[in-house]
Amino acid sequence: MTDPKETINIENVVASTGIGQELDLQSVAMDLEGADYDPEQFPGLVYRTQDPKSAALIFRSGKIVCTGAKSTDDVHESLRIVFDKLRELSIEVEDEPEIVVQNIVTSADLGRQLNLNAIAIGLGLENIEYEPEQFPGLVYRLDEPEVVALLFGSGKLVITGGKKPEDAEHAVDKIVSRLEELGLLE
Amino acid sequence: RLRKWQERIRTKDAGERNLQFALSEIDRMASALGVPRSVREVASVIYRRALKEDLIRGRSIEGVATSALYAACRKEGIPRSLEEISEVSRVERKEIGRTYRYISQELGLEMKPVDPKKYVPRFCSELELSEEVQAKANEIIETTAEKGLLSGKSPTGYAAAAIYAASLLCNEKKTQREVADVAQVTEVTIRNRYQEQIEAMGIHS
DNA sequence: ACCTTACTTTCTAAAGC
DNA sequence: GCTTTAAAAAGTAAGGT
């Protein structure tokens, strides 16, 4: 049997950082090509990097949110590009601003079909949310690690809310053992 | 002080008025949906519990009232889809759904997923289909759900497909459009569920 | 009937309303 | 609470050909 842990794939990494300097977003929007800035709609300026693909939300305070990267390395690479772009606009940016990963979205495959109805009862209706009229996935919140899992009938799942790649692995382990002890896998 | 006392009265009156409004809304929607009085009573109890547990803060009274009715219909085994409920409420479907999930979770209602078979009698009677078709539709739902086909699928679409298939098998054919209209799903959904169900039932047609 | 686009759910930070 | 950004899962829907 393929270990479900081997099927884990990081789909999105969200991180926050800051250049340690206030910004005039109006002028940054003028000079930075491809920048989307509509303060009436949202206070942040949106700047997209192509390789690695990501979207950076740049704020007046100098704080930045980067999302869409496929790995923590890509987050660093994307933000390095953003920092350099800002430096090209002669904006002072710290040498190595601290980058904090805030959320990692992962997908995985348990390798067998799931009977979500049975799993909903097995895990306990008070511990899950399963409303197929509204969404096909069963929502399962774990305490340790503190993540949220979306389980689908196909056996595939999504893990989100984690801050480290290991969180997803631990979550998959716990889910697999929980479903196995309930006799709901295979 | 007199002012504090007056304020308490005012608050009490406002609260009382809000409760009356909520209960009258539940009554109005229940009548429009044609659900029995017992369901309105269950909905009222759920609404009062939500009020007691202070779950209405940050939400509209009408949203909570509508969600309570939606939950009550399910609890009583005569579910109405969010689509149907939203047609008699001024709250939009998405808001009813999220408010329902919230009060369901907070009040520990422990609602089981809707069984598609619960929609069969009402949909079939609206389509004027026989008991034989109903029984066949229930059989299709039961058998295919046991094979795992139900996971993640909407109960209304699932019931609609089984009813469509049963109407064909019993020579009381209804078109996909007719069934789709009463179940408030698209013909595409019926087609997709129908194909999976007849395949799982080993029916050639 | 197909295809494409888009919306539902989960998570997270940011600043401001 | 909302606004915006990204991403996956799978179901449902809508519009065009």
Side-chain angles (χ1 to χ4, degrees), chain A residues 7-18 22-23 25 36-49 52-71 74-75 78 99-110 114 116 128-142 146-163 167-168 171, chain B residues 57-60 81-83 93-95 97-98 101 150-158 160 176 180 183-193 195-196:
Chain A
T7 70
I8 292 178
N9 190 26
I10 293 178
E11 307 288 357
N12 183 23
V13 177
V14 181
S16 60
T17 185
E22 291 239 333
L23 289 167
L25 295 184
D36 288 339
Y37 181 48
D38 182 359
E40 304 287 298
Q41 188 175 135
F42 187 68
L45 178 155
V46 181
Y47 181 72
R48 288 160 223 276
T49 61
K53 193 183 170 202
S54 76
L57 306 178
I58 305 172
F59 298 87
R60 180 187 48 75
S61 63
K63 291 188 174 180
I64 299 173
V65 170
C66 178
T67 183
K70 292 285 186 191
S71 68
D74 280 358
V75 167
S78 290
I99 295 172
V100 180
V101 173
Q102 304 286 358
N103 182 29
I104 296 180
V105 183
T106 311
S107 65
D109 191 352
L110 298 180
L114 301 177
L116 298 183
I128 60 94
E129 272 189 53
Y130 176 48
E131 290 295 332
E133 184 184 351
Q134 299 184 55
F135 186 69
L138 182 153
V139 183
Y140 184 38
R141 285 160 211 280
L142 310 223
E146 199 175 319
V147 300
V148 175
L150 305 178
L151 308 180
F152 296 87
S154 63
K156 292 190 175 177
L157 65 153
V158 170
I159 306 280
T160 187
K163 301 212 182 284
D167 288 343
Chain B
R57 277 194 186 172
R59 259 157 268 274
S60 72
S81 66
L82 287 172
E83 202 61 53
R93 198 199 122 118
K94 185 177 170 182
E95 180 61 20
R98 70 166 58 171
R101 286 187 333 251
L150 180 56
S151 286
K153 269 69 165 225
S154 100
T156 47
Y158 207 86
Q176 294 181 357
Q184 303 228 265
V185 297
T186 63
E187 293 168 89
V188 179
T189 295
I190 292 189
R191 223 170 279 138
N192 292 337
R193 295 303 135 250
Q195 286 301 338
E196 295 175 350

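Convention: sequence-line order gives letters A, B, ...; per-chain numbering from 1.
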task: For C:dA6 versus D:dT4, give the span between their P atoms, rounded off to a whole number of Å.
output: 15 Å

- prompt: How many Å lie between OH on B:Y158 and P on D:dT12, as a whole number?
  reply: 11 Å

message: Heavy atoms only, 4.0 Å cut-off, all strands: where does B:G152 land among base, sugar-phosphate and nothing?
response: sugar-phosphate

- request: Please assess A:L57 against A:V46 for the test side-chain contact (heavy atoms from CB on, under 4.5 Å), listing each intermediate value before the final yes or no.
  value: CA-CA 5 Å; A:L57 306 178; A:V46 181; 3.7 Å; yes

task: Could you pick out which residue, A:E11 or B:S154, lies toward the 5' side of DNA chain D when each is mapped onto its nearest nucleotide?
output: A:E11

message: Please determine whether a side-chain nitrogen or oxygen atom of B:K94 lies at a distance below 4.0 Å from atom OP1 or OP2 of C:dT8.
response: yes

- request: Decide yes or no for A:L151 and A:L114: does some side-chain heavy atom of the first lie under 4.5 Å from some side-chain heavy atom of the second?
  value: yes

task: For A:S54, answer base if it contacts any base atom (sugar-phosphate contacts may also be present), sugar-phosphate if it contacts only those atoms, and nothing otherwise; contact means non-hydrogen atoms under 4.0 Å.
output: nothing

- prompt: When you match A:I64 and A:N12 each to their closest nucleotide on DNA chain C, which lands nearer the 5' end?
  reply: A:N12

- request: Evaluate the side-chain contact (heavy atoms from CB on, under 4.5 Å) criterion for residues A:Y37 and A:Y47: first the C-alpha distance (whole Å), next the side-chain angles of each, then the deciding distance (0.1 Å), finally the verdict.
  value: CA-CA 9 Å; A:Y37 181 48; A:Y47 181 72; over 6 Å; no

field: A:K156, nearest nucleotide to its side chain (from C:dA13, D:dA8, D:dA10)
entry: D:dA10

message: Counting distance alone, no hydrogens or angles: does the base of C:dA13 have a donor or acceptor under 3.5 Å from a partner atom on the side chain of A:S16?
response: no

- request: Assign A:S107 to base, sugar-phosphate, or nothing according to its heavy-atom contacts below 4.0 angstrom with the strands shown.
  value: nothing

Closest-nucleotide 5' rank along DNA chain C - winner of A:T67 and A:P136: A:P136

- prompt: Rounded to the Å, how far apart are A:D167 CG and C:dC11 C1'?
  reply: 12 Å

field: A:D36 and A:R48, any side-chain heavy atoms less than 4.5 Å apart
entry: yes

query: Quantified in whole Å, what is the P atom distance between nucleotide D:dA7 and nucleotide C:dA15?
result: 23 Å

- prompt: When all nucleic acid strands are considered with a 4.0 Å heavy-atom cut-off, which category describes B:V185: base, sugar-phosphate, or nothing?
  reply: sugar-phosphate

query: Looking only at side-chain N and O atoms, does A:S154 come under 4.0 Å of OP1 or OP2 in D:dA9?
result: no

task: Just call it for A:S61: base, sugar-phosphate, or nothing, with non-hydrogen atoms closer than 4.0 Å on any strand.
output: sugar-phosphate

message: Heavy atoms only, 4.0 Å cut-off, all strands: where does A:V158 land among base, sugar-phosphate and nothing?
response: base

Pairwise P distance for C:dA13 and D:dA9, with rounding to whole Å: 25 Å

- request: Using heavy atoms to find the nearest nucleotide of DNA chain D for B:G58 and A:P132 separately, return the residue whose nucleotide is more 5′.
  value: B:G58

- request: Send over the distance from A:L157 CG to C:dT9 C1', rounded to a whole Å.
  value: 14 Å

message: Taking the minimum atom-to-atom distance to the side chain of B:R193, which one of D:dT12, C:dT10, C:dT12 wins?
response: D:dT12

task: Check every strand shown and say whether B:R101 touches a base, only sugar-phosphate, or nothing at a heavy-atom separation below 4.0 Å.
output: sugar-phosphate

- request: Nearest whole angstrom, please: distance from the C1' of D:dC2 to the CD of B:E95.
  value: 12 Å

query: OP1 or OP2 of D:dA6 less than 4.0 angstrom from a side-chain nitrogen or oxygen of A:R48, does that happen here?
result: yes

pair A:T160-A:T106: side-chain heavy atoms closer than 4.5 Å: no

message: Can you measure A:I10 atom CD1 to C:dC11 atom P for me and round it to whole angstrom units?
response: 19 Å

task: May I ask you to decide if A:I64's main-chain N or O and A:T17's side chain share a donor-acceptor pair within less than 3.5 Å?
output: no

query: CG of A:L142 versus P of C:dT10: gap in Å, rounded?
result: 15 Å

message: Looking only at the side chain of A:A55 (C-beta and beyond, no hydrogens), which of the listed nucleotides D:dT5, D:dG11, C:dC11 gets closest?
response: D:dT5

query: Between C:dA15, C:dT12, D:dA13, which nucleotide gets closest to the side-chain atoms of B:T186?
result: D:dA13

statement: Rounded to whole Å, CG of A:D74 lies from P of D:dT5 at a distance of 21 Å

- prompt: Would you call A:E129-B:R101 a salt bridge at under 4.0 Å N-O?
  reply: yes

- request: Identify whether any heavy atom of B:R59 sits under 4.0 Å from a base atom; if not, whether one sits that close to sugar-phosphate; answer base, sugar-phosphate or nothing.
  value: nothing

query: Within the structure shown, what part of the strands sits under 4.0 Å from B:R98 by heavy-atom distance: base, sugar-phosphate, or nothing?
result: sugar-phosphate

query: Between A:L57 (CG) and D:dT4 (P), how many Å, whole number?
result: 11 Å

- request: With the side chain of A:F42 defined as its heavy atoms from C-beta on, choose the nearest nucleotide among D:dA6, D:dA13, D:dT3.
  value: D:dT3

task: Kindly point out which of C:dT12, C:dT10, C:dA15 is positioned nearest to the side chain of A:K163?
output: C:dT12

query: When rounded to the nearest Å, what value does the distance between P atoms of D:dA10 and C:dT12 take?
result: 23 Å

- request: For the residue pair A:V148 and A:R141, establish whether any side-chain heavy-atom pair is separated by less than 4.5 Å.
  value: yes

task: From the options C:dT10, C:dA15, D:dA10, select the nucleotide whose nearest atom is closest to the side chain of A:V139.
output: C:dT10

field: Proximity to the side chain of A:V105 - top-ranked nucleotide from D:dA9, D:dA13, D:dA7
entry: D:dA7

task: With heavy atoms under 4.0 Å as the rule, sort B:Q184 into base, sugar-phosphate or nothing.
output: sugar-phosphate

query: Considering only side-chain heavy atoms of A:Q41, which listed nucleotide, D:dT5, C:dT10, D:dT4, is closest?
result: D:dT4

message: Taking only the P atom of each, what is the distance from D:dA6 to C:dT5 in whole angstrom?
response: 16 Å

